[in-house]
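What follows is a set of notes on a single structure, which appears directly below.
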Amino acid sequence: MRDFITDKSNLSQQQHNYNTMNQTKYIFVTGGVTSSLGKGIIAASLAKLLQARGYRTTIQKFDPYINVDPGTLNPYEHGECYVTDDGAETDLDLGHYERFLNVPTSQANNVTTGRVYLSVIEKERRGEFLGKTVQVVPHITNEIKERMQLLGKSGDYDIVITEIGGTVGDIESLPYIESVRQLIWELGENNGIVIHLTLVPYLAAAGELKTKPTQHSVKTLMESGIKADILVCRTEHELSQDLRQKLALFCNVKKEAVIQSIDAATIYEVPNLMLEEGLDRVALKKLDLPEKNTPDLTNWNEFLFRLKNPKHEVNIGLVGKYVELQDSYKSILEAFIHAGAANETKVNVISIHSEYLDANSAENQLKDLDGILVAPGFGGRGIEGKIDTVRYARENNIPFFGICLGMQMAVIEYSRNILGYADANSTEMNENTTHPVINLMEEQKNIENKGGTMRLGAWKCSIKENTLAHKIYGKTEIMERHRHRYEFNGAYLNELEKAGLVASGVNPDTKLVEIVEIPTHPFFIGVQYHPEYKSTVANPHPLFVSFVAAAVQHKTK
Ligand code: GLN
């Protein structure tokens, strides 16, 4: 009899395991009240905790704009365009996902309304809807639901977190919200939940935190048939127990599901704050999943400790033309945070507008810097300032790091001032230059469409031994992510190398030059790719780590 009972409980345990192992669980993150509340950081922090508990977790973002991807968006409007290994040009939130989780994302992790419509319209043109009237419901919503489950169905993940861009109640978010409603219904109980991120503003005049905007936003969600399972409340002040009780009662959630997300000194503290608030535990409970082990954040917390207790401090100039909007250089700024912690160094990044810099003002603007980074970019505006910056760094032995356009500027500067080719340029800036040291690759010449047509994604690079690049990477084969149309013109390779600008990294298949450096300079390196995309908390990028170390050394000299 006893055995029978044991068997039976084993059986139900087995069924439970079967269910929990085969059914990918879905968490949807929506936002209310205002934009810019940091849904991406909350999603990444939750994913981090679930990952640390032993769940294979990924995050994807669905954006409500009509652009097929953010590649054609001006950085001033949407911040940086992030690039994945598989060459997708994506929303910058994917950068946060990778930096937190240390797992690469892909094309499938970012979907826009534009991409959804494009694929539905292409299906319509191919006659796949068999003469049916194609409509938002069900055709667009079906396409969205299918894409929402793409990563889940791969079998690679236990939990998929989907961040819905925009704010609940927006006209353009409606098809996404309706898709979430349908999908949660289809997935069945405990397989899909909604976390709603809202703002609890503090009214200084009244000296009070206000819950009404949250109540309204939860109500808006309800009107679309979705009940929030968990509320994450962004706030500048602690939420009292009474206030949590009030929010729970009026928003129809359990009190434990009212999660406070108080302003933090750094985004990297948010996983710990969410752990303290129990966001991961409440989510697992709602999904009927076991808590497994307590999240092991030892490495993460070591990083945080080094970040908060620096022994050195350096000033690094970031010379670019999108400096007004911090988000334009998001991944670079984050890579400096990782590299700073690795060096126990506080890195002050000083934005310098390349348009307002020239040979005369260079000294004034650059002389106190411990390192200079010339940023990526497109088009001719501000490039002369970048070239003057490279010259100043080269002649004054200041650690220099050029990324993409920054590397191209270094090649132009060397050609002009060392080779003596006064009009050397990139054909992007001057098609008629007599010395096109940077030019378009053959494959790029006939391309007319701007979206998704650059050299994108991860490419191999072979590194020459006994070079700075080799010392930095400690290996001879690397993969780095690209996003550009123009290239180092191989016709000038011999001449430049003889004059002292060494090509230390070359694509083994195409022979395109990917890294240049000056061996006689303390630290001068330019890379055609974007190392910043691959820097994570767990793996700070070696180029940034070495650059910061060189800046520390320069300062102490
Ligand atoms: N505008 C340059 C090119 O297209 C550099 C691009 C970049 O810096 N990402 O090649």
Side-chain angles (χ1 to χ4, degrees), residues 69-76 78-85 87-90 92 95 318-323 325 327-333 335 353-355 372-387 389-390 400-413 415 424-431 433 436-459 461 480-490 492 505 507 510 512-516 525-535 541 543:
D69 59 46
T72 52
L73 284 173
N74 186 332
Y76 280 128
H78 203 75
E80 156 194 285
C81 171
Y82 187 76
V83 179
T84 57
D85 276 334
E89 298 179 279
T90 74
L92 57 79
L318 171 63
V319 182
K321 69 167 173 179
Y322 313 115
V323 289
L325 184 71
D327 273 0
S328 309
Y329 299 117
K330 193 78 200 160
S331 294
I332 292 179
L333 298 178
H353 209 303
S354 53
E355 237 185 322
I372 295 175
L373 185 144
V374 174
F378 294 84
R381 193 163 60 84
I383 74 138
E384 292 302 324
K386 288 187 171 173
I387 295 170
T389 301
V390 179
F400 169 83
F401 185 12
I403 297 183
C404 206
L405 184 70
M407 173 266 203
Q408 298 176 353
M409 294 302 112
V411 174
I412 295 170
E413 192 277 327
S415 308
N425 217 329
S426 161
T427 51
E428 180 181 7
M429 323 303 168
N430 175 8
E431 274 188 56
T433 167
V437 291
I438 305 292
N439 67 356
L440 262 193
M441 277 183 304
E442 266 328 297
E443 307 84 287
Q444 285 285 340
K445 286 192 178 148
N446 297 320
I447 288 175
E448 276 174 13
N449 271 354
K450 289 269 183 271
T453 57
M454 287 188 246
R455 173 143 85 106
L456 289 167
W459 292 78
C461 172
E480 290 281 6
R481 297 182 194 170
H482 291 247
R483 180 171 187 257
H484 55 100
R485 273 181 223 289
Y486 295 82
E487 303 281 351
F488 183 109
N489 182 350
Y492 290 87
N507 180 305
T510 60
L512 287 168
V513 172
E514 315 281 41
I515 312 177
V516 295
I525 195 158
V527 295
Q528 184 58 82
Y529 48 82
H530 290 266
E532 70 274 22
Y533 294 144
K534 281 181 63 165
S535 188
H541 198 286
L543 273 166

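Order of listing sets the numbers, starting from 1, for every ligand and every atom in it. Starting from 1, each residue takes its place in the sequence as its number.
Classified by interplanar angle (parallel below 30°, tilted 30° to 60°, perpendicular above 60°), the ring pair Y329/Y322 is tilted.
When atom types are taken as modelled, the side chain of K321 and the backbone of F378 share a donor-acceptor pair closer than 3.5 angstrom.
Side-chain N/O atoms of H482 and E487 include no donor and acceptor closer than 3.5 Å.
Under the rule for a side-chain hydrogen bond (donor to acceptor under 3.5 Å, both in side chains), the partners of E89 that lie at least two apart in sequence or sit in another chain are R483. Under the salt bridge (Lys or Arg N to Asp or Glu O under 4.0 Å) criterion, E355 pairs with R381, sequence neighbours left out. Considering only residues two or more places apart in sequence or on other chains, Y533 meets the ring-ring contact (aromatic ring centres under 6.0 Å, His included) condition with Y82, H530.
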Pairs under 3.5 Å, nitrogen or oxygen of ligand 1 with protein nitrogen or oxygen:
from     : atom 1 : to   : atom 2 : distance (Å)
ligand 1 : 1 (N)  : G377 : O      : 2.9
ligand 1 : 1 (N)  : E428 : OE1    : 2.7
ligand 1 : 1 (N)  : E428 : OE2    : 3.1
ligand 1 : 4 (O)  : R485 : N      : 3.0
ligand 1 : 8 (O)  : G377 : N      : 2.9
ligand 1 : 8 (O)  : G377 : O      : 3.4
ligand 1 : 8 (O)  : L405 : N      : 3.0
ligand 1 : 9 (N)  : R483 : O      : 2.9
ligand 1 : 9 (N)  : H530 : NE2    : 3.1
ligand 1 : 10 (O) : Q408 : NE2    : 3.1
ligand 1 : 10 (O) : R485 : N      : 3.2
ligand 1 : 10 (O) : Y486 : N      : 2.8

